Visitor: 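Can you read through this structure? Questions will come right after.
Keep in mind that what you see is a predicted model, and the values were worked out from it rather than measured. Only this structure's heavy atoms are used, side chains among them; waters, hydrogens and symmetry mates stay out. Naming convention: chains lettered A, B, ... in sequence-line order (proteins, then strands); numbering from 1 in each chain.
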Number of protein chains: 2
Amino acid sequence: MATISDVAARAGVSRSTVSRVFLQPQVVAEDARRRVLAAADTLGYEPSPVARSLRRGRTGNLGLVVPDIANPFFPPLIKAVQRQARRHQMALFVADSDEHADDELALVRAMAKQVDGLILASPRVAEADLRALIEGTPTVVINRRLEGIPAVVTTPEQGMTQAVEHLAALGHGEIVYLAGPEQAYSNQQRRQALENACRLHGLRLSELGPFEPHFESGVRAGDLVLAQGGSAVVAYNDQIALGLLARLSERGTRVAQDVSVIGVDDTWLARMASPALTTVRVPAGAAGAAAVRLMVDVLSGGPVAGAAVELATELIVRSSTAAPPRPAATA
Amino acid sequence: MATISDVAARAGVSRSTVSRVFLQPQVVAEDARRRVLAAADTLGYEPSPVARSLRRGRTGNLGLVVPDIANPFFPPLIKAVQRQARRHQMALFVADSDEHADDELALVRAMAKQVDGLILASPRVAEADLRALIEGTPTVVINRRLEGIPAVVTTPEQGMTQAVEHLAALGHGEIVYLAGPEQAYSNQQRRQALENACRLHGLRLSELGPFEPHFESGVRAGDLVLAQGGSAVVAYNDQIALGLLARLSERGTRVAQDVSVIGVDDTWLARMASPALTTVRVPAGAAGAAAVRLMVDVLSGGPVAGAAVELATELIVRSSTAAPPRPAATA
DNA sequence: CATATCCCTGAAATCGATCCCATAGTGGTT
DNA sequence: AACCACTATGGGATCGATTTCAGGGATATG
């Protein structure tokens with residue numbers, strides 16, 4: 001690989017000049033600039049990002065840690081982050097923690113020193129560990145609140161309220177919540193929103209779980225729901241809801257007619273399921289983009305220590321919800 | 001952030017000694033080692049990966065570029081690569097090219113100099129561009145053959161042959177192939193395998209497309225299939241097949257009974273669809289792991305220039321295939 | 001006691017760039 | 001002619017580590 005010195009020698013200028021040609025072309029004389037570019041071209045020279053990072057103290061890279069790439073909620077978020085990062089001339093490095101706190105820590109540790117900023121989506125790590133680790137690395141979290149750390153959170157209140165109203169309007173009197181991972185911030189948030197809405201509209205709420213946010217968990221939940229009875233189910237996320245849908249169909253229960261099911265996230269799977277899944281849309285892409293914007297503010301020294309961007313959610317009604325089989329106490 | 005000099009000063013040793021404590025602890029005297037570790041601990045020192053990379057000429061990072069993280073085929077591959085990389089003490093950086101050749105080039109360019117090796121999954125980039133870009137960066141490709149570049153390819157022959165045999169045995173006399181992106185190596189490979197198998201078993205083969213490998217393409221394909229008629233369809237991948245399934249159901253056509261559908265990839269969606277999708281399993285995880293192993297060989301100077309690992313595929317029969325509605329010419 | 005051997009340590013060069021500072025040269029102004 | 005302002009360039013320190021090489025000191029050997 002050619003270095004800046006090689007180019008300088010070939011172009012008959014100093015290293016400084018070569019450097020300038022790439023950083024502030026305007027200040028270099030037309031003549032010298034052309035010679036440098038020609039030399040760089042024939043030598044196939046490109047500035048070493050590593051050396052540049054060392055000297056500058058910035059890498060131009062952003063890191064993103066997600067709990068599970070296979071969860072269809074995250075790809076749109078990742079894509080949005082990548083697009084937004086590119087817009088600010090930064091490259092994005094993504095890592096997957098496999099829903100595992102230890103791996104998450106290891107990943108954060110590996111990344112922290114190689115990126116200018118770290119975006120953590122739905123981190124599971126214990127707060128103390130996390131704080132210790134990101135000491136010195138600008139960090140933005142998505143879907144978790146940590147005092148003093150800028151965050152983007154989606155607020156389930158609106159969506160969950162709409163969901164409860166929707167079910168109440170259809171005549172349901174009680175709701176079963178299929179809980180997500182106990183330590184997940186989103187789970188606590190969603191449960192709380194659901195509780196509040198139910199209290200407000202006089203619906204009974206029961207809970208099953210916790211479940212890992214996977215399709216298989218939903219399948220397992222299906223049997224529990226059938227055993228316990230219940231006409232309306234709200235799942236922690238679409239994946240669980242879809243597993244539930246599959247299992248209910250398998251066991252001869254008609255989704256919507258017999259049991260109404262609502263998911264959360266509105267991943268593309270919700271649309272493709274049959275029946276199409278009624279779900280609370282969570283703006284994943286918007287959250288990712290907002291996180292990058294926050295990060296940019298942080299990096300440019302903005303006073304955003306505890307800033308939090310809140311993004312609303314909304315219910316998307318499709319075909320997995322309907323009036324309960326035997327009219328409940330509507331009147 | 002504390003530097004090696006800070007630690008050295010605090011521990012009362014030279015920078016060399018500090019460095020050695022982290023690289024070859026055995027050669028440092030017990031006493032000095034303890035002092036250094038203590039100093040490092042209180043200062044919260046960790047060697048700067050950037051400086052280390054510059055000096056060593058290696059970053060300890062691997063890069064992986066995939067065409068679409070949202071395609072459920074890739075997450076298992078990504079996870080496998082990440083796991084395998086970790087096993088070799090390397091961190092993995094993932095980037096998504098959005099099925100876009102230009103973006104892919106830009107990503108490769110951004111990554112190339114910051115990683116020790118690059119793994120390109122199903123690259124769409126034109127061969128010449130690619131070769132120019134990876135000049136000087138050890139590269140392994142997955143699902144594409146490029147003379148002289150080590151590769152891991154999945155061979156559709158076995159799976160496609162089994163698929164054709166399966167359909168033929170059920171009594172189908174012709175197959176419609178829903179093609180993937182024209183320039184995709186996998187598409188050419190799969191079409192070819194299908195052609196050969198059809199010729200061998202005397203089935204007629206027709207083709208629709210090309211389609212982008214998305215659910216929506218499959219939906220669109222559904223109408224084309226219905227218009228043209230045909231009792232058996234093989235799609236480029238599961239996503240297209242699932243879109244097809246959804247559309248056929250929507251239009252009142254019963255999958256399996258009226259039209260048999262076979263996908264390729266065996267992503268987890270194939271299992272969850274209803275009816276569950278018969279599909280050709282492509283070992284994504286194994287491919288990822290194999291790619292890392294190849295990469296490690298390359299990096300350790302092994303003579304693997306043109307090496308190619310081939311991974312077989314197999315048909316997984318589920319519920320989307322059945323005998324054609326009116327018995328075809330079986331006897 | 002002199003010398004060889006082995007361990008441990010530090011000095012200094014190096015990786016490839018950036019960037020501050022000094023200066024040579026040019027042109028304009030009085 | 002003297003001076004100023006300004007532009008383009010080069011020299012050299014620097015980022016934070018690794019690594020080679022040489023040497024000091026302790027121990028063993030003759």
Visitor: Please report, rounded to the nearest Å, how far the C1' atom of dG16(C) is from the CZ atom of Phe22(A).
Guide: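 Distance check: Phe22(A) CZ to dG16(C) C1' gives 13 Å.
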Visitor: Would you confirm whether Glu99(B), through its side chain, and Pro213(B), through its main-chain N or O, come within 3.5 Å as a donor-acceptor pair?
Guide: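 No, the answer is negative, given that no donor and acceptor are paired below the 3.5 Å cut-off.
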Visitor: Output one letter per nucleotide in nucleotides 4-9 of chain D: B when a protein non-hydrogen atom lies under 4.0 Å from the base, S when only the sugar-phosphate is that close, - when neither is.
Guide: ----SB
Visitor: Choose from dA12(C), dT19(D), dA17(C) the nucleotide whose nearest atom is closest to any side-chain atom of Pro47(A).
Guide: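 Given the options dA12(C), dT19(D), dA17(C), the side chain of Pro47(A) is closest to dA17(C).
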Visitor: Applying a 4.0 Å non-hydrogen cut-off, can you work out what Glu46(A) is touching in the nucleic acid: base, sugar-phosphate, or nothing?
Guide: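 Sugar-phosphate: the residue Glu46(A), judged by heavy atoms under 4.0 Å, touches backbone atoms but no base.
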Visitor: Please indicate whether Gln89(A) has more than 12 foreign heavy atoms, meaning atoms of other residues, nucleotides or ligands, lying under 6.0 Å from its CD.
Guide: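 Not more than 12 within 6.0 Å, no.
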Visitor: Separation of Asp6(B) atom CG from dC15(D) atom P, in whole Å?
Guide: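 The answer, rounded to whole Å, is 11 Å.
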Visitor: Using a strict 4.0 Å threshold on nitrogen-to-oxygen distance, state whether Glu135(B) and Arg131(B) make a salt bridge.
Guide: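 No, no charged N to carboxylate O under 4.0 Å.
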Visitor: Distance check: side-chain N/O of Ser19(A) vs OP1/OP2 of dA17(C), anything under 4.0 Å?
Guide: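 For Ser19(A), the contact criterion (side-chain N or O under 4.0 Å from OP1 or OP2 of dA17(C)) is not met.
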Visitor: Looking only at side-chain atoms of Arg55(B), point me to the closest of dA17(D), dG11(D), dT18(C).
Guide: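 Closest nucleotide to the Arg55(B) side chain: dA17(D).
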Visitor: Tell me the interatomic distance from Leu54(A), atom CG, to dC19(C), atom P, rounded to whole angstroms.
Guide: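 Taking CG of Leu54(A) and P of dC19(C), I get 12 Å after rounding.
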Visitor: Nearest nucleotide by nearest heavy atom, which residue falls closer to the 5' end of DNA chain C, Ser16(A) or Met1(A)?
Guide: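 It is Met1(A), whose closest nucleotide lies nearer the 5' terminus.
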Visitor: Atom CZ of Arg52(A) to atom C1' of dG16(C): distance rounded to whole Å?
Guide: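 Distance, rounded to whole Å: 11 Å.
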Visitor: To the nearest Å, how far apart are Arg56(B) CZ and dT20(D) C1'?
Guide: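 The answer, rounded to whole Å, is 15 Å.
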Visitor: Tyr45(A) near the nucleic acid: base, sugar-phosphate alone, or nothing, with a heavy-atom cut-off under 4.0 Å?
Guide: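 The answer is sugar-phosphate, as Tyr45(A) gets under 4.0 Å only of primed atoms, P, OP1 or OP2.
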Visitor: Can you tell if the side chain of Val18(A) reaches within under 4.5 Å of the side chain of Arg10(A), non-hydrogen atoms only?
Guide: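 When only atoms from C-beta onward are counted, Arg10(A) and Val18(A) do not touch, as no gap falls below 4.5 Å.
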Visitor: Is the side chain of Thr267(A) donor-acceptor paired with the backbone N or O of Phe73(A) at a distance under 3.5 Å, no angle test?
Guide: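 No, because the side chain of Thr267(A) does not come within donor-acceptor range (under 3.5 Å) of the backbone of Phe73(A).
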Visitor: In whole angstrom, what separates Lys113(A)'s NZ from dC15(D)'s P?
Guide: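 Atom-to-atom, Lys113(A) to dC15(D), this comes out as 16 Å.
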Visitor: Would Asp297(A) and Arg293(A) count as a salt bridge (charged side-chain N to carboxylate O under 4.0 Å, His left out) here? Give the steps.
Guide: CA-CA 6 Å; Asp297(A) 290 351; Arg293(A) 279 192 291 270; over 6 Å; no
Visitor: Base, sugar-phosphate alone, or nothing: which one does Ser48(A) contact when heavy atoms must sit under 4.0 Å apart?
Guide: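 Here Ser48(A) touches the backbone only, sparing every base.
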Visitor: Measure from CZ on Arg58(B) to P on dA17(D) and round the result to the nearest Å.
Guide: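 Roughly 17 Å, once rounded to whole Å.
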Visitor: Identify whether any heavy atom of Thr3(B) sits under 4.0 Å from a base atom; if not, whether one sits that close to sugar-phosphate; answer base, sugar-phosphate or nothing.
Guide: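 The residue Thr3(B) makes sugar-phosphate contact but no base contact.
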Visitor: Ignoring hydrogens and angles, are the base of dA17(D) and the side chain of Ser5(B) linked by a donor-acceptor pair under 3.5 Å?
Guide: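 Counting by modelled atom types and ignoring angles, no donor-acceptor contact under 3.5 Å is found here.
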Visitor: Got a sec: does the CD of Glu127(A) have more than 12 other heavy atoms crowding it under 6.0 Å?
Guide: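 More than 12 within 6.0 Å, yes.
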Visitor: Can you tell me how far P of dC15(C) sits from CZ of Arg15(A), to the nearest Å?
Guide: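 It is 11 Å, rounded to the nearest whole Å.
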